J.: 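Can you keep this structure in mind? I'll have questions shortly.
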Amino acid sequence: MSLAPSQAPSTLLKSDTPKSEPCIITIFGATGDLTQRKLIPAIYNLTRDGSLHENTVVVGFARRPKTDEQFRNEMKEGIEKFSRTKPLDASVWKKVSEKLFYHQSTFEDPAGYQKLAERFQQLDKQFNTGGRRLYYLSTSPTEFTTVVNNLGEAGLGNIDPFSPTAWRRVIVEKPFGRDLKTALDLNANIARVFDEKQIFRIDHYLGKQTVQNMLVFRFANGMFEPVWNRNHIDSVQITVAEAIGVEGRGGYYETSGALRDMIQNHLMQLLTLTAMEPPAALDGNSIRDEKVKVLRSIQPLTPEEVARRTVRGQYQAATIGGKDAKGYREEERIAPDSQTETFAAVKLLIDNWRWKGVPFYLRSGKRMPRQGSEICIHFKPAPGVLFGADGRHLAHNILVLRVQPNEGMSLLINAKTPGTVTKIVPARLEFSYDVAFGSYSPEAYERLLLDAIHGDSTLFIRNDEVEGSWKIIDSIEAGWAANSPPLSFYPGGTWGPPEASKLLERDGHKWDPLSDPTKRELSFDTDE
Ligand code: BG6
């Protein structure tokens, strides 16, 4: 008998990938970008690696009329362009394409779902998929409830009581609501059809190797946990920088902005994994219980705190690397007087025993000088009684967890330069995934799709996590709606508006420059 999702052991505990069962994956909104760029290439690579059962069927569900053949050709192009492995392996593509189908229907039409149910029965017979269904909601968020309701009406939601091997799970893409109220409504609507243990809210950052390694790093090593607290840590910085601009996603981005698009989900996830207590066990609920406690220990910001502890910025036109780059307001489908932020920085405080008084600085922006996501843990400096007693500055030890690119970590320590005098400089101890284990690294969506097929929700977001995070974000959005602080501007290709530096300077800190993978030498003691 298959394990119910709540009982499925976390794959974090396993040294081997569990065997996948045959199932039907249905992608709603299959003609969208995500399917071609991420989902189908992920299925192709999982097939290539032998991680999926050979009878894994994929049905693309979307409005536009299209034949199976047309859909397959488009998906093939997607793999050729976006797969992490190249060139396309014809024998793997054959396996994928033979089980790839297209189902045309509007999201609103109940008849489309009845026909889908009939198609499922026929596919179950043909491929022995045993009533196991994974639904992937990759539509616009305004359609999530419609799709879920229609699945429920067509009897495609709840598990068939006469089929103990069948399961039904739904993966929900972000954005999960645009504030607490809409997230609560969405949770309630989905809960009418699916139990919480069937719902897999995706945050693709949790599929990244270094993010998963956070748990291993913290809880499989004896030396970090004793110093992982306010007694030894001075501050924490979390940066997710992107070099790209809004890239034709203006319609969505105008309603979102950096705070909702990145901080509410990806950065808050990085924060909770950094700050959480050791879980009682490595299963989905134990880990998520601890993450929720962190969120509950962060008080929503008062209007005065929003004015003092947050920064919002928007990129302006600039010449970057000799090329002209548009300002945000000149991009497609952006209002010429748009107030949407493309950069956000926030100082958060976690009011619990471990972290009281330790600032967590979060920043994320588009059109930064380069792409990079890092968590920097600043330790308190050594007492300046021996070295540094002459008033010379001893650098903090900094632990840098590099989420991307060049996944790995560095520890900055003070070291003596060679020579007859004692000159102390920061030096870097370096761990790089590439160097240690070779460059193979599955894409985030591969890992997450596979986990959902195995019923492991450890790396997915629970309803109370979403709600906890929105409570904090809502308090910031409320201040911003009252224009406090006002929107600042930064030229494209820079690290955000000057206000972002002032946010840290007020506390006697400064942002760590992102490690530069093109440089081997230490760059942490330099200004950018
Ligand atoms: C998405 C955001 O969730 O994450 C995008 O909607 C952003 O705006 C993307 O570009 C960044 O993801 P990654 O994996 O490229 O860091």
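Atoms within each ligand, like the ligands themselves, are counted from 1 in listed order. These values consider heavy atoms only, across backbone and side chains, with no hydrogens, waters or symmetry-generated copies. Here the structure is a predicted model, which means the values were calculated and not measured.
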J.: Which atoms of ligand 1 sit under 4.0 Å from any heavy atom of Asp261?
T.: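 Checking each atom against Asp261, I get 2 (C), 5 (C), 6 (O), 8 (O).
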J.: What protein heavy atom sits nearest atom 7 (C) of ligand 1, and how far off is it?
T.: Glu242 OE2, 3.3 Å
J.: Between Leu259 and Glu341, is the side-chain contact (heavy atoms from CB on, under 4.5 Å) condition met? List the steps.
T.: CA-CA 8 Å; Leu259 190 67; Glu341 80 287 353; 3.3 Å; yes
J.: Could you report the tightest heavy-atom contact between Arg288 and Thr458, atom names first, then the distance?
T.: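 Looks like CD-O, 4.2 Å.
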J.: In chain order, what residues pass the side-chain hydrogen bond (donor to acceptor under 3.5 Å, both in side chains) check against Glu477, with sequence neighbours excluded?
T.: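 Testing Glu477 for side-chain hydrogen bond (donor to acceptor under 3.5 Å, both in side chains), a comparison that skips the adjacent residues, returns none.
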J.: I'd like to check which ligand 1 atoms, numbered from 1 as shown, lie under 4.0 Å from a non-hydrogen atom of Lys208.
T.: 13 (P), 14 (O), 16 (O)
J.: Please identify which atoms of ligand 1 are closer than 4.0 Å to at least one heavy atom of His266.
T.: 1 (C), 3 (O), 4 (O)
J.: What is the ring orientation for His266 with Tyr205, classed by angle as parallel under 30°, tilted 30 to 60°, or perpendicular over 60°?
T.: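 Ring orientation, 0 to 90° scale: parallel.
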J.: Would Arg367 count as a cation-pi partner of Tyr315, with NZ or CZ less than 6.0 Å from the six-membered ring centre and within 45° of the ring normal?
T.: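 Checked: cation-pi criterion met.
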J.: Taking only heavy atoms of Arg249 into account, list the atoms of ligand 1 that are under 4.0 Å away from them.
T.: 2 (C), 5 (C), 6 (O), 8 (O)
J.: So for Glu247, does at least one of its heavy atoms come nearer than 4.0 angstrom to any atom of ligand 1?
T.: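 No, that is not the case, since the closest heavy atom of the residue is not under 4.0 Å from the ligand.
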J.: Give the atoms of ligand 1, by number and element, whose distance to some non-hydrogen atom of Lys366 is under 4.0 Å.
T.: 5 (C), 7 (C), 8 (O), 10 (O)
J.: In the protein, which heavy atom is nearest to atom 15 (O) of ligand 1, and how far is it?
T.: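 I find the closest protein heavy atom is Gln404 NE2, 4.3 Å.
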J.: Provide, to 0.1 Å, the distance between atom 12 (O) of ligand 1 and the closest protein heavy atom, together with that atom's residue and name.
T.: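 Among all protein heavy atoms, the one nearest atom 12 (O) of ligand 1 is His204 NE2, 3.1 Å.
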J.: Between Arg84 and Glu446, is the salt bridge (charged side-chain N to carboxylate O under 4.0 Å, His left out) condition met? List the steps.
T.: CA-CA 11 Å; Arg84 70 175 162 81; Glu446 292 173 39; 2.8 Å; yes
J.: Please list, in number order, the atoms of ligand 1 under 4.0 Å from a heavy atom of Lys174.
T.: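 Going through ligand 1 atom by atom, the ones under 4.0 Å from Lys174 are 1 (C), 2 (C), 3 (O), 6 (O).
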J.: Any heavy atom of Tyr205 sitting closer than 4.0 Å to ligand 1?
T.: yes
J.: If you draw the axis of the six-membered ring of Phe176, does the NZ or CZ of Arg201 fall within 45° of it and under 6.0 Å from the ring centre?
T.: yes
J.: Would you check, one step at a time, whether the test side-chain contact (heavy atoms from CB on, under 4.5 Å) holds for Gln212 with Arg447?
T.: CA-CA 11 Å; Gln212 290 154 39; Arg447 168 67 197 250; 2.7 Å; yes
